[in-house]
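Heads up, the thing below is written out as structure tokens.
Count residues from 1 along the sequence. As the structure lists them, so they are numbered: ligands from 1, and atoms in each ligand from 1.
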Amino acid sequence: MPYTAAMHRIVQVALPTPLPKLFDYLLPQQTPMPALGVRVSVPFSGRRLIGFVAGFTPSPDLDPAKLKPIHAVLETTPLMPPDLWQLLQFAARYYHRSLGDVLTSAVPRGMRASKAVQVRVEKDAPYVLKTSGVARTYEQAQILAQLALGPLRASACAPELRKALLQLAKRGVVERPPAQALAQSANPSVAPALNAEQAAAVAAIVCAFGAPNKAMLLQGVTGSGKTEVYLAAAHAALARGQSVLVLVPEIGLTPQTLQRFQSRLHARFAVMHSALSDGERANFWQAARAGQIDVLLGTRSAVFAPMQNLGLIVVDEEHDSSYKQFDGFRYSARDLALKRASDLGIPIVLGSATPSLESLHMVQLGRLQRLWLHQRARAQNMPAIQLIDIKMQQMDQGLSKAALNAIRETLLAGSQALIMRNRRGFAPRLSCQHCGHVVQCPGCERPMTVHRAARALRCHYCDRQERVPSACPQCRSDALHAMGEGTERISELISQHFAEWPVHRIDRDTTSRKGSFDHLLAQVAAGGPCILIGTQMLAKGHDLPNIALVVVVGADDGLFAVDFRASERLAQLLMQVAGRAGRAETPGRVLIQTQQPEHPLLQKILRQDYEEISVALMQERRITELPPFTRMAILRADCKDFSMLQTWLKSAAQRAKILLQHAHSKNAVLVYGPMPASMAKRAHRHHAQLVLCAPTRAPLHALLAELTVQLELEKKPADIHYALDVDPYDD
Ligand SMILES: [Zn+2]
Ligand SMILES: [Zn+2]
């Protein structure tokens, strides 16, 4: 039968391909018109793909007779509420990524399959009260009375009551939320009295529920009680019948934060992070979509949770680089959270002791309202910070005498000590004393790290592993020495020195088992004197109240790194670590070992005034025209063949310059490169990049929009991989 205009029911579908366009498909006659955002299954170059309905058109790109029909419409209600749909459309435009890719990466993997998603409820999942229903029988009244005290499993009911429970479920009075999505606290504990600053911060957030200016930066030193402010704000949102989204930087922090929230708020909680199974994530998605979750705690990707009636967003430790996705769809969860809150017109609180320069810049521009918490909540003193000049010190395996003495004093006083070294393994280099050769990873051209217990050399960039050679590969001498100290070596030394005390090493090598990190932290938090040795995993907001001393080893690495954010990150890290010291009754002490005690950044850290540090860093960025004073994007590319990579990047740069000549604001965007990436070689692939900068967003994004389309449609050598990184971070 020939197609006629009246019969054209053409649907535009966003598909998970890099092509920055929508694809037209015909809707079969008998199929009702799907809503925007509904998933459909379609044929695509010999395969079946799942895409999202993103529009309708009367005039398709192709002759309608050539269009293929949709295989199936997978649901009637879209997976995403309107505000999330809007956010993801924005994200695709802002990060210059195909809408299909963005939508697909936002939904849990379990929902990318073609079958319709079923909410799986655990067999004997507990029931909770959904609405205040009236009991129609004596048995139902008994059930309702029990449910008022907390969740109830069918298996826990007397047989004669079970029927009543099922009747209530049928009437919709009770429900079974998917596993973990409940965790209701029956008797929340009472909030402690807030100090004046906390109370003022809470008042500002509560006022923002009805005000136009709603984005806030809560800046307070570690221990100043930011969480109490979040709790009070969340309480206010819940009281308004709204839900709350809380983002935390890493999985390790979620159980701790969850516990804190659960003990205080009467609400239905869920936790979303990357360690969940696909099924669990899909369940939470459904529960959130159905409005069954009041408070959602999660890491980066939780910014895409389909919360109903969202009333408040909290981004804790907003400066943390883990909010940035470093591969695939490279987004910033903090920035998208700000956008989501602004679209919804709801308050958002970014919290940090050491805010990012981006956020401080927004404070200066008046886009973020700053709320201060200057005092530590429990009247403690700030820890004393001291620099140890290791040029003047006798050293033992990377630790100075002064540090060892301080550790001993701390243990004898009954407290705990933490040694922070941001390098795992035994030693960062294996080098020949005879010819000076350093064993490198052939794929990355960086020194391999010695792991003694595993008797292996490992590359921390590509995970290559090999046996430790017995002789120098260059001169056959056997004078191979492990140079420098990683956490493994330091913990060996410490175990010898302090044999009578427990020593715990905490890094990716020792805590890879699920839950082992939390278990160890709980043990340490509750326990007596011991020594913790770890990487920056330990610097984040874990509550370790008995730590009275922090020793920082190898801080100098951060003073001379190439990344323009290195100083900012080092300052944030050191301030955070210092915040670990002396949170309870014991006043804290921090020792930073350095060869550069006169370095201006360390001098400022000594004064523990992040405000002073950030003002100086901001000044540097302004002079060097770096973010946040300029808008930046990086076109990253990699290839096995170096000259092919250079040629491709050069032609991309040329293309950008031609586009700029036709643009209104010719010189608004600067294009630098090709230049090597900070890791110029990784796993046998060369990495290089173009850096694009502009003083304002508009001309840069106008260029990127055209450039990405051209690059995607252009033929390129198959081995070249590339990605655009908007507002880039070095990982
Ligand atoms: Zn040699
Ligand atoms: Zn490698």
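Between the side chain of Arg281 and the backbone N or O of His273, at least one donor-acceptor pair lies under 3.5 Å.
Take Gln595 and apply the side chain to side chain donor-acceptor pair (under 3.5 Å) test, not counting sequence neighbours, and it matches no residue.
Put simply, Cys459 gets within reach of the Zn ion (ligand 2), with an N, O or S atom under 2.8 Å from it.
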Residue pair His451, Phe426: steps toward the ring pair (Phe, Tyr, Trp, His ring centres under 6.0 Å) verdict: CA-CA 5 Å; His451 287 254; Phe426 184 77; 9.4 Å; no
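Atoms of the protein (N, O or S only) found under 2.8 Å from the Zn ion (ligand 1) are Cys432 SG, Cys435 SG, Cys472 SG, Cys475 SG.
Side-chain contact check for Ser400 and Gln394: no donor-acceptor pair (N or O, by modelled atom type) lies under 3.5 Å.
Rounded to the nearest 10 degrees, the angle SG (Cys441) to the Zn ion (ligand 2) to SG (Cys462) equals 110°.
For Gln465, the CD atom sits in a packed shell: over 12 heavy atoms of surrounding residues, nucleotides or ligands are nearer than 6.0 Å.
Atom CD of Gln603 and atom CG of Leu387 lie 6.0 Å apart (nearest 0.5 Å).
Taking the six-membered ring where the residue is Trp, His701 and His96 present tilted rings, their angle falling between 30° and 60°.
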